[in-house]
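Computed from heavy atoms alone, side chains included, the values below leave out hydrogens, waters and symmetry copies. Here is the naming used below: chain letters follow the sequence lines, and residue numbers restart at 1 for every chain.
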Number of protein chains: 2
Amino acid sequence: MKIGQATIKDIAKALNVSSSTVSRALKDYPGISDETKRKVKELADKWNYRPNAVALSLRKSKSFTIGVIIPEVVHFFFSTVISGIEEVAFMHGYNVILCQTNEKLKREISSVETIISNQIDGLLVSFSKETTNFDHFKRLIEQHYPVVFFDRIPNLENSVNITVNDYQGAFDATKHLISQGYKDILHLAGPRNLDISKNRMNGYMDALKEAEMPVKPHRIIECPEGVQEESFKICAKVFKEQDRPDAIFANNDMAAAGAMRGVKSLGLKIPEDVGVVGFSNWQFSSMVDPPLSTVSQPGFKIGERATQLLIEMIEQKGDEPFTPKLEILETELLIRGSSVR
Amino acid sequence: MKIGQATIKDIAKALNVSSSTVSRALKDYPGISDETKRKVKELADKWNYRPNAVALSLRKSKSFTIGVIIPEVVHFFFSTVISGIEEVAFMHGYNVILCQTNEKLKREISSVETIISNQIDGLLVSFSKETTNFDHFKRLIEQHYPVVFFDRIPNLENSVNITVNDYQGAFDATKHLISQGYKDILHLAGPRNLDISKNRMNGYMDALKEAEMPVKPHRIIECPEGVQEESFKICAKVFKEQDRPDAIFANNDMAAAGAMRGVKSLGLKIPEDVGVVGFSNWQFSSMVDPPLSTVSQPGFKIGERATQLLIEMIEQKGDEPFTPKLEILETELLIRGSSVR
DNA sequence: TTGTAAGCGTTATCAC
DNA sequence: GTGATAACGCTTACAA
């Protein structure tokens, strides 16, 4: 929508000069008389002139806008990331276009289309759980379009990535459970196609190995959804058996919360009978009973850093491909009541 | 950034026709031979042609983009609203530009500038806590620019607003506690200067009056912060006394959660000894022990409805001012374990 | 010191 | 059926 805004033409007409003169005067180009500059600026000010960013975009093939493709906004971790993105983008004069995929591949592809159509300068991506084929992103990268993947990162040639050290976080969490004397730790794993799930599982397994404890395949159960009900049911069943685990390391806090309910529904006590550690430090995790130990991810920092990287790429003029990159931020183990006995 | 995309011109040149022909062929205009249409579409498809949205914006003074000005993304309620906004915007083919103000007026004003510069079609606003002067919005409304205020709504002539029935929500919550046989209900109130706090307190008081129960001033305690510690301390003290309340209606879930901890720390049982109801249905509220009864605000719906209203305004051609509006969405009382005995 | 004109990609309006 | 042209708002060679 065009809000009755003054254009350069309007100012030019009113002052009986050409638009180029106005354009130059406004930008303090050399070779414009002080008198003209003064008059132009005065009128521009009076009429509250604002350059039309769309015209500029068209002219310069640059929109000062970055796109963010994200699975879910209503997710403590992602909303924290968005906040970090917003901050850095704002500081550098960039706008942020938000595309929520709801974990749907179709929606993700359509978002990429939007990005292309809108001459967006660069893209920050955390792909959906459904995404196993990355052609829609590969095409962008091949054309030297600036893309930074964050958190959920693909295995793509020449891509720029930033994520958290999920492996180490999981390793630390598991080691902590072991140090508390838990002997049989169940892992509620995430969707298999996400690297983060694999890394967390590996951290879990390596911690067991380091402690010379057996890695039992039936103690690793996938929770693809990550919702409460899923892990509730699983745990309500698994912990009923005679040979039950005595601890849980969950791929995320929501699964951990469901697991806690499942365990409690059987009359087992946390942390006395069963220790629990989650992942992500969602807002609720300090409020469940007992407070949930968890691995906190630096969401805000990821958002900030990803955006910094992206803007560097955007502003690196030239046609050379970007140097591939993988930055890994460290997690922090937050020990609370659910895992200390 | 321009990604080596084909333009109408490119296609025209390759097929030895004019750009207008290509443009028309692509849109199935009447009066283009089927043969030409076929050839054009074929090549467009092969070259993966996508119309340049920026050029369209310039041409049509319409960007199919809406702006969202919001205090904080990392806030369960607001992120839910954003999610609703995203959904409806996407369905109608609109993009969403996100501007987070961090509760700063300066940032809010700067965001409005951005919106104007970028020919954004319309604006959704929940203003910052610092905002007491609304001139930057008033100017837009006077120019018949589409603006919808949500949740935090101003008292502005000719504005379109959508918010939640806080009064009724509080009334229902209190009435529910009464119906469960609780006789002495403490209200943990919000900051006195916010309308929502006042409305909720009024709902609480009117429910008591309706039941012919006394409204005792010392049973209304302000929790300006709304953080856990605050209400924890208050309740740990108030419920130690001989003449203690037997229920709590809190201005928000965070305060309710702290209150629950405070009550439990004295060995009192929830809901047997003390009933608790919160407000907002934060994500954690179903996960505390026992699950917290609460008044859910339809965040997603607010986002959806606000966006519907905005898009209607945008697409209502013509220059007449918009009809002022105030829509109030109803809350829903979610009865869970903390208040049923 | 200033003006003219072309061009970014698209479409509406004529004209043929 | 199709083409030429202008226009959206702005910048920038090139001319004057």
Side-chain angles (χ1 to χ4, degrees), chain A residues 1-41 43-44 47-65 113-114 116-121, chain B residues 1-41 43-44 47-65 114 116-121 317:
Chain A
M1 141 127 195
K2 171 173 140 195
I3 339 178
Q5 282 290 320
T7 71
I8 280 193
K9 269 191 187 168
D10 299 328
I11 297 178
K13 210 172 287 171
L15 295 177
N16 248 319
V17 295
S18 73
S19 344
S20 23
T21 303
V22 175
S23 170
R24 287 188 276 235
L26 287 170
K27 316 192 110 64
D28 279 326
Y29 259 57
I32 296 287
S33 73
D34 289 353
E35 174 62 6
T36 313
K37 274 189 197 168
R38 199 188 48 70
K39 281 200 290 190
V40 167
K41 287 185 174 172
L43 192 57
W47 283 357
N48 201 26
Y49 168 79
R50 292 283 172 276
N52 181 325
V54 175
L56 279 173
S57 278
L58 184 58
R59 184 73 229 270
K60 306 226 165 170
S61 298
K62 170 138 171 64
S63 58
F64 279 99
T65 302
E113 294 278 312
T114 298
I116 295 176
S117 287
N118 283 71
Q119 309 292 102
I120 306 261
D121 295 335
Chain B
M1 143 126 196
K2 171 173 141 197
I3 339 180
Q5 282 289 321
T7 70
I8 281 194
K9 272 190 185 170
D10 298 329
I11 297 178
K13 209 171 289 172
L15 295 178
N16 248 320
V17 294
S18 74
S19 338
S20 8
T21 303
V22 175
S23 173
R24 286 187 277 234
L26 287 171
K27 316 192 110 62
D28 278 324
Y29 259 59
I32 295 285
S33 73
D34 288 353
E35 174 62 6
T36 313
K37 272 189 199 170
R38 199 188 48 71
K39 281 200 290 189
V40 167
K41 287 186 176 173
L43 192 57
W47 284 357
N48 201 26
Y49 168 79
R50 293 283 171 276
N52 181 327
V54 175
L56 280 172
S57 277
L58 183 59
R59 184 75 228 272
K60 308 225 165 168
S61 297
K62 171 138 169 61
S63 58
F64 280 99
T65 302
T114 298
I116 295 176
S117 286
N118 283 71
Q119 309 292 102
I120 307 262
D121 295 335
K317 313 278 180 195

- prompt: Under the side chain to side chain donor-acceptor pair (under 3.5 Å) test, which residues partner A:S18, sequence neighbours left out?
  reply: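 Expected list: A:S20, A:T21.
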
- prompt: Taking only residues two or more places apart in sequence or in another chain, which ones pass side chain to side chain donor-acceptor pair (under 3.5 Å) with A:S117?
  reply: none

Atom pair distance, as rounded to whole Å: [atom1] in [X] and [atom2] in [N]:
{"X": "A:L58", "N": "D:dC8", "atom1": "CG", "atom2": "P", "answer": "13 Å"}
{"X": "A:L26", "N": "D:dG9", "atom1": "CG", "atom2": "C1'", "answer": "13 Å"}
{"X": "B:D34", "N": "D:dT2", "atom1": "CG", "atom2": "P", "answer": "10 Å"}
{"X": "B:K37", "N": "D:dG1", "atom1": "NZ", "atom2": "C1'", "answer": "11 Å"}
{"X": "A:K62", "N": "C:dG9", "atom1": "NZ", "atom2": "C1'", "answer": "19 Å"}
{"X": "B:K13", "N": "C:dT10", "atom1": "NZ", "atom2": "P", "answer": "13 Å"}
{"X": "B:E35", "N": "D:dT2", "atom1": "CD", "atom2": "C1'", "answer": "14 Å"}

field: Sequence-distant partners of B:K41, salt bridge (charged side-chain N to carboxylate O under 4.0 Å, His left out), two or more places apart
entry: B:D28

task: Mind checking salt bridge (charged side-chain N to carboxylate O under 4.0 Å, His left out) for A:R38 and listing every partner two or more places apart, or none if nothing turns up?
output: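 With neighbours one apart ignored, the set is A:E35, A:E42.
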
query: Between atom CG of A:D10 and atom OG of A:S19, what is the distance when rounded to the nearest 0.5 Å?
result: 10.0 Å

Could you check whether [X] gets within reach of a base, just the sugar-phosphate, or nothing at all, counting any heavy atom under 4.0 Å?
{"X": "A:V17", "answer": "sugar-phosphate"}
{"X": "B:N16", "answer": "sugar-phosphate"}
{"X": "B:T36", "answer": "sugar-phosphate"}

message: Test of understanding: with ring-ring contact (aromatic ring centres under 6.0 Å, His included), list the residues that count as partners of A:F64, not counting sequence neighbours.
response: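 ring-ring contact (aromatic ring centres under 6.0 Å, His included) check on A:F64 returns A:Y94.
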
task: Could I get the full list of side-chain contact (heavy atoms from CB on, under 4.5 Å) partners for B:T65, not counting sequence neighbours?
output: B:S63, B:N95, B:I97, B:I120

- prompt: How would you list, by chain and number, every residue that makes a side-chain contact (heavy atoms from CB on, under 4.5 Å) with A:K60, sequence neighbours excluded?
  reply: A:K62

task: List the atom of A:P51, the atom of A:L56, and the distance in Å for their closest heavy-atom pair.
output: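 In terms of heavy atoms, the two residues are closest at CB-CD1, 4.1 Å.
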
- prompt: Which angle, rounded to 10°, do you find between the first-five-pair axis and the last-five-pair axis of the helix from C:dT1-D:dA16 to C:dC16-D:dG1?
  reply: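 Axis angle across the helix from C:dT1-D:dA16 to C:dC16-D:dG1, nearest 10°: 60°.
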
query: Closer than 4.0 Å, any side-chain N/O of B:T21 to the OP1 or OP2 of D:dG3?
result: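 B:T21 to D:dG3 OP1/OP2: side-chain N or O found under 4.0 Å.
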
List every contact pair, protein side and nucleotides 10-13 of chain D side both N or O, where the distance is under 3.5 Å.
| unit_1 | atom_1 | unit_2 | atom_2 | d |
| --- | --- | --- | --- | --- |
| D:dC10 | OP1 | A:Y49 | OH | 2.7 |
| D:dC10 | OP1 | A:N52 | N | 3.2 |
| D:dC10 | OP2 | A:I8 | N | 2.6 |
| D:dT11 | OP1 | A:K27 | NZ | 2.7 |
| D:dT11 | OP2 | A:S23 | OG | 2.9 |
| D:dT11 | O4' | A:R59 | NH1 | 3.0 |
| D:dT11 | N1 | A:R59 | NH1 | 3.1 |
| D:dT11 | O2 | A:R59 | NH1 | 2.1 |
| D:dT12 | OP2 | A:Y29 | OH | 3.0 |
| D:dA13 | N6 | A:R24 | NH1 | 3.4 |

